[in-house]
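Just below is one structure, and these are the notes that go with it.
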Amino acid sequence: MGTQWTDPFNTPERRALRELTRDFVTREVLPDLDEWERVGQLPLSLHERAAAAGLLGIGFPEEVGGSGGDLIDGLVMTEELIQTGASGGLVSGLFTHGIALPHMVVAGDPGQMERFVRPVLEGRAIASLAITEPDGGSDVAALRTRAERDGDEFVVNGSKIYITSGVRADWVVVGVRTGGPGFGGISLIVVPSDTPGFTVVRRLEKIGWHCSDTAELAFTDCRVPAANLVGPLNSGFIQIAMQFVVERLSIAVQAYATAQRCLDLALEWARMRHTFGKPLVAHQVVRHQLVEMDRLTDVARTYTRQIALRHVAGQEVIAEAALAKNTAVAAAEAVTYQAIQIFGGQGCMSDSEVERHYRDVRILSIGGGATEVMTELAARRLGL
Ligand SMILES: Cc1cc2nc3c(=O)[nH]c(=O)nc-3n(C[C@H](O)[C@H](O)[C@H](O)COP(=O)(O)OP(=O)(O)OC[C@H]3O[C@@H](n4cnc5c(N)ncnc54)[C@H](O)[C@@H]3O)c2cc1C
């Protein structure tokens with residue numbers, strides 16, 4: 001008799017979460033997604049509806065207004081969002097708080113939970129995380145935006161770029177220099193967007209993620225209460241680094257889920273489309289292409305899920321999470337490319353879903369840490 005195996009990604013509770021997510025995407029997202037992709041942002045009302053459905057707060061504790069659950073629940077939801085036809089931009093724009101809130105949930109005080117965290121998880125406000133600067137993003141320890149203490153306030157000066165949801169944000173967690181050079185002089189501070197001196201310099205147009213707004217932000221003598229500091233002074237780099245594992249695993253999930261969606265779409269097309277008197281899928285070359293797409297997707301999914309389970313179990317997986325991101329992104333790039341090939345001319349048209357996934361996936365090898373930087377991080381963790 002074989003050993004009983006319970007798939008943690010397919011428990012009754014997580015099957016119910018998949019069902020809930022599919023229902024939400026079908027009812028609340030698919031009817032309007034093309035329009036949001038065209039106008040370049042999501043409506044706040046979608047955040048309210050996602051909160052009401054219990055999806056916005058997945059992975060956040062109920063004490064701060066979340067729906068509970070852990071990273072695995074978040075991954076299950078992301079898989080299902082994309083595999084039901086939502087876009088990478090939808091995931092990044094609707095769940096930007098997934099990168100903006102965790103530092104505060106871990107290190108913030110009760111006042112911050114009430115003023116900042118709860119309204120976002122209730123879908124009434126939008127939060128962003130601003131680390132990257134026009135001079136560079138890979139080298140986080142070199143960031144230059146400054147925050148000087150002045151009585152009960154900090155005065156923030158500098159600029160940030162490529163900030164997801166930055167056009168719509170009600171408040172932004174900003175990486176600032178409060179001490180000397182290097183990683184030990186960085187703090188995180190919340191700057192509300194109605195602070196005098198806070199400017200959305202431009203809305204940035206980009207290759208993919210069209211329904212997720214992206215901003216360049218400027219801070220000119222922005223005065224914010226010292227109570228907006230997240231965690232201890234000069235602990236910002238550690239806080240950022242601690243959340244990178246989850247951010248990278250989330251991007252890996254987005255990547256392999258997009259690959260799975262493109263594989264499903266390509267297979268459906270290959271069964272329906274005929275050339276030379278038979279369906280595409282009856283041509284051995286196409287069949288083998290589909291098998292390779294399936295292999296790449298499954299390897300990425302299996303590896304990423306395994307690393308996520310180890311992270312939830314408390315193991316240190318800094319290098320593995322970086323490599324899971326690289327593995328899944330490379331799979332998604334290959335699979336989305338091949339999906340367009342199987343669709344032929346139709347795959348190149350902007351009204352075809354695979355075309356959108358192909359563009360969306362291009363961002364993933366840069367956002368959340370470039371592939372080369374991930375590999376270098378793994379090299380250092382391996383003692384090379
Ligand atoms: C759509 C989108 C959304 C984003 N959202 C956010 C956000 O919400 N908040 C935020 O703070 N940032 C955000 N970013 C920024 C993102 O994190 C940075 O783009 C990324 O960290 C790379 O920084 P950079 O663009 O400044 O590239 P650079 O640091 O200038 O690097 C450029 C390229 O050089 C190579 N490279 C860099 N360093 C090395 C090295 N050590 N070894 C080998 N090669 C190297 C890599 O190929 C890299 O892509 C977003 C980016 C995009 C595209």
Side-chain angles (χ1 to χ4, degrees), residues 37 40-42 87-103 120 126-145 156 158-177 183 186-191 193 200-219 230 236-237 239-241 243-244 246-248 250-251 254-255 258 322 325-326 329-330 332-333 356-357 359-381 384:
E37 290 275 326
Q41 68 181 52
L42 300 172
S87 64
L90 185 287
V91 172
S92 112
L94 185 56
F95 295 93
T96 313
H97 60 280
I99 58 171
L101 294 188
H103 321 90
V120 170
I126 289 169
S128 287
L129 174 70
I131 306 294
T132 308
E133 302 187 344
D135 285 342
S138 299
D139 189 2
V140 174
L143 66 79
R144 302 208 309 208
T145 295
V156 182
S159 52
K160 298 287 178 180
I161 199 161
Y162 316 136
I163 305 309
T164 300
S165 297
V167 176
R168 301 179 303 148
D170 294 286
W171 53 262
V172 180
V173 176
V174 186
V176 289
R177 187 155 300 284
F183 68 88
I186 293 171
S187 297
L188 292 176
I189 196 160
V190 182
V191 181
S193 57
V200 176
V201 180
R202 333 178 251 158
R203 172 196 290 272
L204 301 163
E205 306 295 335
K206 56 197 181 302
I207 189 169
W209 282 11
H210 283 176
C211 69
S212 168
D213 59 291
T214 308
E216 179 176 350
L217 304 176
F219 306 88
V230 181
F237 187 86
Q239 292 191 59
I240 295 166
Q243 298 305 330
F244 269 153
V246 169
E247 182 179 357
R248 287 165 188 161
S250 303
I251 292 175
Q254 192 177 136
T258 305
K325 177 180 186 285
N326 285 0
V329 169
E333 286 174 347
R356 192 186 66 215
H357 291 308
R359 289 186 289 97
D360 286 348
V361 156
R362 189 63 192 87
I363 290 167
L364 304 183
S365 65
I366 295 167
T371 298
E372 298 84 349
V373 176
M374 296 301 91
T375 307
E376 182 56 22
L377 173 67
R380 272 186 276 126
R381 302 297 299 187
L384 303 176

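When a ligand or atom number is given, it counts from 1 through the structure's own listing order. Residues: numbered from 1 along the sequence shown.
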Main-chain N/O of G166 paired with K160 side-chain donor or acceptor, under 3.5 Å
no

Applying the side chain to side chain contact (heavy atoms under 4.5 Å, CB included) criterion to S165, which one of I126, L129, L94, I99 satisfies it?
I126

When distances are taken from atom 39 (C) of ligand 1, the protein heavy atom at minimum range is V373 CG2, 3.8 Å

Under a heavy-atom criterion of less than 4.0 Å, does G136 contact ligand 1?
yes

I363 contact mode with ligand 1 (heavy-atom cut-off under 4.0 Å)
side chain

Contact atoms of ligand 1, heavy-atom distance to I163 under 4.0 Å
7 (C), 8 (O), 9 (N), 10 (C), 11 (O)

With L143, which of D135, I131, T132 fulfils side chain to side chain contact (heavy atoms under 4.5 Å, CB included)?
I131

For residues T145 and E133, is any side-chain donor paired with an opposing acceptor at under 3.5 Å?
yes

May I ask you to list the atoms of ligand 1 that are less than 4.0 angstrom from any heavy atom of G368?
17 (O)

Short N/O distance, under 3.5 Å, between S138 and ligand 1?
yes

Note the single closest protein heavy atom to atom 3 (C) of ligand 1, along with its residue, its atom name and the distance in Å.
T164 OG1, 3.3 Å

Which atoms of ligand 1 are found less than 4.0 Å from any heavy atom of I131?
10 (C), 11 (O)

For atom 34 (O) of ligand 1, state whether the nearest protein heavy atom is under 4.0 Å away.
no

Please indicate, with yes or no, if any protein heavy atom is found under 4.0 Å from atom 37 (C) of ligand 1?
yes

Output for pair (F237 CZ, R177 CZ), nearest 0.5 Å, gives 10.0 Å

Would you say the side-chain atoms of S128 pair up with the backbone N or O of T164, donor to acceptor, closer than 3.5 Å?
yes

So, taking the atom named OG1 in T96 and the one named CG in L42, what distance separates them when rounded to the nearest 0.5 Å?
8.0 Å

Atom CZ in F95, atom CD in Q254: separation rounded to 0.5 Å?
11.0 Å

Could you tell me whether T371 approaches ligand 1 through its side chain, its backbone, both or neither, with non-hydrogen atoms closer than 4.0 Å?
neither

State whether a side-chain donor-acceptor pair under 3.5 Å links N326 with T375.
yes

Could you say whether the N/O atoms of Y162 and ligand 1 ever approach to under 3.5 Å?
yes

Thinking salt bridges, do D213 and R203 make one under a 4.0 Å N-O criterion?
no

Would you indicate which of I161, L129, D135, I99 comes nearest to atom 9 (N) of ligand 1 when only heavy atoms are counted?
L129

If I take atom CD1 from residue I207 and atom CZ from residue R359, how far apart are they, to the nearest 0.5 angstrom?
8.0 Å

What's the shortest distance from atom 12 (N) of ligand 1 to any protein heavy atom, and which residue and atom give it?
T132 OG1, 2.7 Å

Who's closest to atom 26 (O) of ligand 1 heavy-atom-wise, of G137, A370, S128?
G137

Would you mind running through ligand 1 and noting each atom that sits below 4.0 Å from a heavy atom of E372?
43 (C), 44 (N), 46 (C), 47 (O)

Can you sort out which atoms of ligand 1 are near I366, meaning under 4.0 Å from one of its heavy atoms?
19 (O), 20 (C)

